[in-house]
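Computed from a prediction, not measured in an experiment: that's the story for all the values here. Along the sequence shown, residues carry numbers from 1. Ligands are counted one by one from 1 in listed order, and the atoms in each one are counted from 1 as well.
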Amino acid sequence: MVMRYIRIFDTTLRDGEQMAGVALTPEDKLEIAKQLDELGVDTIEAGFAIVSEGEREAIRSIVKEGLKAEICSLARANKKDIDAAISCDVGCIHTFIATSDIHLKYKLRMSREEALRRAVEAVEYAKAHGVTVEFSAEDATRSDFSYLKEVFLAVEDAGADRIDVPDTVGIATPERMKLLISDVTSYLKVPVSVHCHNDFGLATANSLAGIEAGASQAHVTVNGIGERAGNASLEEVVMALQNLYGFKTGIRTEKIYEVSRLVRRLTGVPIQPNKAIVGDNAFSHEAGIHVHGILSNPFTYEPISPESVGRKRVIEVGKHAGKHGLRAKLEEYGIHPTEEEMKVIFERFKRLSDRGKRLTDTDLLAVARDVVGGLKAEKFVSLEELAVMTGSNVVPTASVKMSIGGKVMVASETGVGPVDAAVKAIRSLTSNLIKAELREFRLEAITGGSDALGEALVRLEDEEGNISSARAVSGDIVMASVEALVNGINKLILKRELKKG
Ligand code: KIV
Ligand code: ZN
């Protein structure tokens with residue numbers, strides 16, 4: 001049986017960017033577009049050309065890159081918007097007009113006949129410029145289905161290459177989406193696409209239902225970013241299509257996490273920890289029974305392997321950890337306690353966890369050191385002094401004094417802000433000791449007000465693939481950042497040292 005190929009139309013740079021508070025520079029957009037291309041999306045909707053000169057500049061620079069993906073601009077169904085898109089040399093124009101009565105009456109103030117005429121004219125006009133044309137009927141799922149059919153047949157006749165069915169306000173259910181797409185694909189000859197919003201948390205389910213019913217393309221955004229509750233997320237739709245439905249896409253799934261991190265960093269939109277595929281906890285295990293299962297066979301509690309989306313499994317050492325999980329964590333550090341020692345470590349660790357404190361690798365290692373003895377000192381690097389200078393007319397500068405393997409050293413660095421300067425100073429002092437990439441750095445306020453506590457999280461990876469994650473909390477965000485980084489470096493060094501034996 002031939003596997004159905006589903007096109008992935010990525011709209012992170014257009015619908016994703018329309019999310020409140022997100023504004024990408026042309027450079028950011030280009031960086032994301034290159035990564036989307038590497039990821040293997042079929043179309044990159046690079047922006048909405050009519051919006052601004054900056055937007056056009058971004059679209060043009062993406063077109064000039066000569067990527068494998070089709071590059072598209074959004075355009076309302078009028079000549080001005082289409083001309084703006086054409087001026088960017090895109091290979092595809094995505095033109096749209098609303099077809100629901102509520103949009104026609106209150107937004108466009110237009111009759112159904114007028115909207116149909118404009119849709120046809122827009123498609124003909126764009127086609128005359130030799131580009132691929134995709135037509136969307138905005139608010140399709142709230143439109144009268146017989147009118148929608150009239151519009152779709154007319155734009156197909158006018159030369160539209162693909163027709164998209166948007167669930168603009170996310171009110172479809174999988175059952176209704178199936179019915180609608182079965183109907184639309186029964187009368188159209190051109191490929192049909194789905195574009196689902198997540199207002200009821202159904203964007204992924206509705207996209208999949210539409211595809212099951214015959215749509216051959218999904219509009220998605222990385223991390224599901226987009227207006228209001230966002231769009232169907234690329235990672236969820238693609239992984240479900242491939243793993244649950246047995247369909248094919250062009251996505252190199254092992255790059256998903258990298259692209260997700262990039263989009264998170266450049267848009268500043270955080271990802272909920274329990275988000276499918278790309279959330280921090282998506283491949284983390286703490287509960288004893290689960291960890292035991294995972295260690296015997298990962299598929300007991302993981303439906304897909306973390307590596308298939310470019311991630312690694314994390315065994316957490318918290319309150320719910322079991323003996324197997326704690327042993328596995330210690331083995332990561334090269335520590336192999338006997339059965340007897342493990343029993344004592346486990347009991348002591350459980351007693352600690354009952355105190356309600358969030359426990360980390362460092363706590364476990366401290367207990368293990370006490371029980372097993374003979375483990376090397378765990379703090380290779382410590383911060384002795386930190387001074388930062390910042391203000392409106394000064395270049396942010398940080399000076400640090402550190403003890404590194406017993407030797408006291410100092411360094412000063414400048415940065416875009418005091419945190420950046422301090423991080424650079426620490427990294428310059430420790431670079432001879434350890435070459436590590438800062439894979440992730442996050443600062444979050446965990447209480448409100450100007451005296452809020454800030455939490456810094458870092459993830460480091462060395463050239464041997466060892467990973468360490470660390471966090472620190474302080475009322476001073478520079479201190480939280482520095483402490484998290486120093487903890488992360490110590491953990492990484494310890495991991496390496498213990499592995500060497
Ligand atoms: O949600 C929507 O209807 C859109 C259209 C422009 C396709 O984003
Ligand atoms: Zn949309």
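Taking a 6.0 Å sphere around CD1 of Ile289, one finds it holds 12 or fewer heavy atoms contributed by other residues, nucleotides or ligands. Around the NZ atom of Lys319, the shell of radius 6.0 Å holds no more than 12 heavy atoms that belong to other residues, nucleotides or ligands.
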Give me the pairs of N or O atoms, one from ligand 1 and one from the protein, that sit under 3.5 Å apart.
{"unit_1": "ligand 1", "atom_1": "1 (O)", "unit_2": "His195", "atom_2": "NE2", "d": "3.1"}
{"unit_1": "ligand 1", "atom_1": "1 (O)", "unit_2": "His197", "atom_2": "NE2", "d": "3.0"}
{"unit_1": "ligand 1", "atom_1": "3 (O)", "unit_2": "Thr168", "atom_2": "OG1", "d": "2.6"}
{"unit_1": "ligand 1", "atom_1": "8 (O)", "unit_2": "Arg14", "atom_2": "NH1", "d": "3.3"}
{"unit_1": "ligand 1", "atom_1": "8 (O)", "unit_2": "Arg14", "atom_2": "NH2", "d": "3.0"}
{"unit_1": "ligand 1", "atom_1": "8 (O)", "unit_2": "Asp15", "atom_2": "OD2", "d": "3.2"}
{"unit_1": "ligand 1", "atom_1": "8 (O)", "unit_2": "His195", "atom_2": "NE2", "d": "3.1"}

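Cation-pi check for Arg311 over Tyr257 is met; the charged atom lies under 6.0 angstrom from the ring centroid and within 45 degrees of its normal. For the pair Lys248 and Tyr5, the NZ or CZ position fails the cation-pi test of under 6.0 Å to the six-membered ring centre and within 45 degrees of the ring normal.
Note on the Zn ion (ligand 2): protein N/O/S atoms under 2.8 Å are Asp15 OD2, His195 NE2, His197 NE2.
Contact check for Val190 versus Asp161: no side-chain heavy atoms found under the 4.5 Å cut-off.
Using cut-offs of 30° and 60° on the angle between ring planes, the pair Tyr301 and His290 is parallel.
Listed by first then second residue, pairs satisfying salt bridge (charged side-chain N to carboxylate O under 4.0 Å, His left out) with a partner in residues 100-110 read Asp101-Arg112, Lys107-Glu138, not counting sequence neighbours.
Of the residues Glu45, Glu55, Glu227, the one that meets the salt bridge (charged side-chain N to carboxylate O under 4.0 Å, His left out) test with Arg14 is Glu45.
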Would you mind writing out the side-chain donor-acceptor pairs for residues 169-181 within the sub-3.5 Å range, not counting sequence neighbours?
{"unit_1": "Thr173", "atom_1": "OG1", "unit_2": "Arg176", "atom_2": "N", "d": "3.2"}
{"unit_1": "Lys178", "atom_1": "NZ", "unit_2": "Glu212", "atom_2": "OE1", "d": "3.4"}

